[in-house]
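A short write-up of the structure that comes next.
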Amino acid sequence: MGKNRQDIRTSSGTEVIDYSVNSPDEDKSLKLREKIFIAAVIVIFIASAAGIFAVRYRKTDSFSLLLADETEQYDLSIINNATVEDFMEVSGIGEVRANAIVNFRESIGGFTDINQITYIDGISEKTLANIIEYFYGEESEEESETE
(Lines give C-alpha, C1' and ligand atoms only; values in the text may rest on other atoms or scores of the structure.)
Protein backbone atom coordinates (compact mmCIF):
# COMPACT_ATOMS: atom_id res chain seq x y z
CA MET A 1 0.00 0.00 0.00
CA GLY A 2 2.81 2.43 0.64
CA LYS A 3 4.14 2.13 -2.88
CA ASN A 4 4.12 5.12 -5.25
CA ARG A 5 2.92 4.87 -8.86
CA GLN A 6 6.35 4.15 -10.30
CA ASP A 7 6.82 1.28 -7.92
CA ILE A 8 3.45 -0.14 -8.94
CA ARG A 9 4.33 0.10 -12.64
CA THR A 10 7.68 -1.54 -12.11
CA SER A 11 6.23 -4.32 -10.03
CA SER A 12 3.45 -4.87 -12.56
CA GLY A 13 6.00 -5.21 -15.34
CA THR A 14 5.16 -2.01 -17.23
CA GLU A 15 7.91 0.29 -18.34
CA VAL A 16 7.72 4.08 -18.27
CA ILE A 17 8.66 5.45 -21.68
CA ASP A 18 9.64 9.09 -22.30
CA TYR A 19 7.86 10.08 -25.52
CA SER A 20 9.41 13.54 -25.81
CA VAL A 21 11.04 14.12 -29.19
CA ASN A 22 13.27 16.98 -28.15
CA SER A 23 16.66 16.61 -26.61
CA PRO A 24 17.44 18.75 -23.54
CA ASP A 25 19.33 21.21 -25.77
CA GLU A 26 16.34 21.45 -28.09
CA ASP A 27 14.07 22.04 -25.09
CA LYS A 28 16.28 24.98 -24.01
CA SER A 29 16.22 26.35 -27.56
CA LEU A 30 12.44 25.99 -27.69
CA LYS A 31 12.05 27.78 -24.39
CA LEU A 32 14.28 30.59 -25.67
CA ARG A 33 12.13 30.90 -28.80
CA GLU A 34 9.01 30.99 -26.65
CA LYS A 35 10.51 33.76 -24.51
CA ILE A 36 11.48 35.76 -27.61
CA PHE A 37 7.97 35.33 -29.02
CA ILE A 38 6.36 36.47 -25.78
CA ALA A 39 8.72 39.46 -25.59
CA ALA A 40 7.85 40.40 -29.19
CA VAL A 41 4.13 40.20 -28.45
CA ILE A 42 4.59 42.43 -25.40
CA VAL A 43 6.61 44.99 -27.39
CA ILE A 44 3.96 45.06 -30.14
CA PHE A 45 1.22 45.50 -27.53
CA ILE A 46 3.04 48.39 -25.85
CA ALA A 47 3.77 50.06 -29.20
CA SER A 48 0.11 49.71 -30.19
CA ALA A 49 -1.07 51.17 -26.90
CA ALA A 50 1.37 54.09 -27.27
CA GLY A 51 0.15 54.69 -30.83
CA ILE A 52 -3.48 54.66 -29.77
CA PHE A 53 -2.68 57.07 -26.95
CA ALA A 54 -0.81 59.39 -29.32
CA VAL A 55 -3.65 59.40 -31.86
CA ARG A 56 -6.31 59.90 -29.24
CA TYR A 57 -4.62 62.81 -27.49
CA ARG A 58 -3.02 64.58 -30.44
CA LYS A 59 -3.47 68.33 -30.79
CA THR A 60 -4.06 68.34 -34.55
CA ASP A 61 -5.80 65.94 -36.86
CA SER A 62 -3.76 63.91 -39.34
CA PHE A 63 -5.65 65.36 -42.30
CA SER A 64 -4.44 68.82 -41.31
CA LEU A 65 -0.88 67.55 -41.14
CA LEU A 66 -1.14 66.14 -44.66
CA LEU A 67 -2.38 69.45 -46.00
CA ALA A 68 -0.11 71.66 -43.86
CA ASP A 69 1.76 73.16 -46.82
CA GLU A 70 -1.45 73.84 -48.71
CA THR A 71 -3.33 75.46 -45.80
CA GLU A 72 -0.50 77.62 -44.49
CA GLN A 73 -0.98 79.99 -47.42
CA TYR A 74 -4.23 81.37 -45.98
CA ASP A 75 -4.31 84.20 -43.45
CA LEU A 76 -6.80 82.66 -41.02
CA SER A 77 -7.35 85.98 -39.26
CA ILE A 78 -9.60 86.90 -42.20
CA ILE A 79 -12.10 84.10 -41.58
CA ASN A 80 -11.57 84.25 -37.82
CA ASN A 81 -12.78 87.87 -37.88
CA ALA A 82 -15.54 87.43 -40.47
CA THR A 83 -19.08 88.13 -39.33
CA VAL A 84 -22.25 86.16 -40.00
CA GLU A 85 -23.10 88.69 -42.69
CA ASP A 86 -19.70 88.17 -44.34
CA PHE A 87 -20.26 84.41 -44.54
CA MET A 88 -23.79 84.95 -45.89
CA GLU A 89 -22.23 86.70 -48.90
CA VAL A 90 -20.56 83.41 -49.91
CA SER A 91 -22.40 81.39 -52.55
CA GLY A 92 -24.12 78.40 -50.92
CA ILE A 93 -24.15 79.79 -47.36
CA GLY A 94 -27.33 81.09 -45.80
CA GLU A 95 -28.01 82.53 -42.37
CA VAL A 96 -28.20 79.12 -40.63
CA ARG A 97 -24.85 77.91 -41.95
CA ALA A 98 -23.22 81.29 -41.42
CA ASN A 99 -24.31 81.21 -37.78
CA ALA A 100 -23.06 77.61 -37.50
CA ILE A 101 -19.64 78.65 -38.84
CA VAL A 102 -19.33 81.57 -36.42
CA ASN A 103 -20.59 79.51 -33.44
CA PHE A 104 -18.20 76.65 -34.26
CA ARG A 105 -15.31 79.08 -34.72
CA GLU A 106 -16.01 80.63 -31.30
CA SER A 107 -16.37 77.22 -29.63
CA ILE A 108 -12.90 76.12 -30.80
CA GLY A 109 -11.25 79.46 -30.16
CA GLY A 110 -10.77 80.29 -33.83
CA PHE A 111 -9.82 78.27 -36.87
CA THR A 112 -6.26 76.95 -36.97
CA ASP A 113 -6.80 75.24 -40.32
CA ILE A 114 -9.10 76.32 -43.12
CA ASN A 115 -10.30 72.72 -43.51
CA GLN A 116 -11.89 72.82 -40.05
CA ILE A 117 -14.83 74.61 -41.65
CA THR A 118 -15.81 71.30 -43.30
CA TYR A 119 -16.38 69.79 -39.83
CA ILE A 120 -19.63 71.76 -39.75
CA ASP A 121 -22.68 69.84 -40.91
CA GLY A 122 -23.71 71.00 -44.38
CA ILE A 123 -20.34 72.53 -45.33
CA SER A 124 -18.95 70.53 -48.25
CA GLU A 125 -15.63 70.76 -50.05
CA LYS A 126 -17.40 72.83 -52.72
CA THR A 127 -18.67 75.27 -50.11
CA LEU A 128 -15.16 75.47 -48.66
CA ALA A 129 -13.89 76.29 -52.14
CA ASN A 130 -16.50 79.07 -52.35
CA ILE A 131 -15.36 80.43 -48.96
CA ILE A 132 -11.72 80.42 -50.10
CA GLU A 133 -12.63 82.13 -53.34
CA TYR A 134 -14.72 84.77 -51.58
CA PHE A 135 -12.32 85.60 -48.75
CA TYR A 136 -9.00 85.01 -50.49
CA GLY A 137 -9.87 85.74 -54.10
CA GLU A 138 -8.61 82.43 -55.45
CA GLU A 139 -9.86 78.99 -56.33
CA SER A 140 -8.86 76.07 -54.15
CA GLU A 141 -6.71 73.39 -55.76
CA GLU A 142 -9.60 70.93 -55.83
CA GLU A 143 -11.83 73.32 -57.77
CA SER A 144 -9.13 74.17 -60.30
CA GLU A 145 -8.41 70.44 -60.87
CA THR A 146 -12.05 69.71 -61.77
CA GLU A 147 -12.19 72.37 -64.47
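Formation of a donor-acceptor pair under 3.5 Å by the Tyr136 side chain with backbone atoms of Ile78 is not found in this model.
The ring pair (Phe, Tyr, Trp, His ring centres under 6.0 Å) pairs that include a residue from residues 30-50 number zero, where partners must be two or more places apart or lie in different chains.
Using bins of under 30°, 30° to 60° and over 60° for the plane-to-plane angle, the ring pair Phe104/Phe111 lands in the tilted bin.
In terms of heavy-atom proximity, Leu76 sits nearest to Asp113 at CD1-N, 3.5 Å. Minimum interatomic distance between Arg97 and Ile123 (heavy atoms only, all atoms of both residues): CD-CD1, 3.7 Å. Counting all heavy atoms, side chain and backbone alike, Arg105 lies closest to Ile79 at NH1-O, 2.6 Å.
Residue Ile132 holds its CD1 atom at 5.0 Å from CD1 of Ile114, rounded to the nearest 0.5 Å. The line from CD of Gln116 to CD1 of Ile101 is 12.5 Å long, rounded to the nearest 0.5 Å.
Scanning for side chain to side chain contact (heavy atoms under 4.5 Å, CB included) contacts around Thr83 gives Glu85, Asp86, with sequence neighbours left out. Partners of Ile36 by side chain to side chain contact (heavy atoms under 4.5 Å, CB included), not counting sequence neighbours, listed by chain and number: Leu32. A search for side chain to side chain contact (heavy atoms under 4.5 Å, CB included) contacts involving Ala100 returns Ile120, not counting sequence neighbours. For Ser124, the side chain to side chain contact (heavy atoms under 4.5 Å, CB included) partners two or more places apart in sequence, or in a different chain, are Lys126, Thr127.
By the neighbour-count criterion of 12 heavy atoms within 6.0 Å, atom CG of Asn81 is densely surrounded, having more than that number from other residues, nucleotides or ligands.
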For residues 87-95, which side-chain donor-acceptor pairs fall under 3.5 Å, sequence neighbours excluded?
none

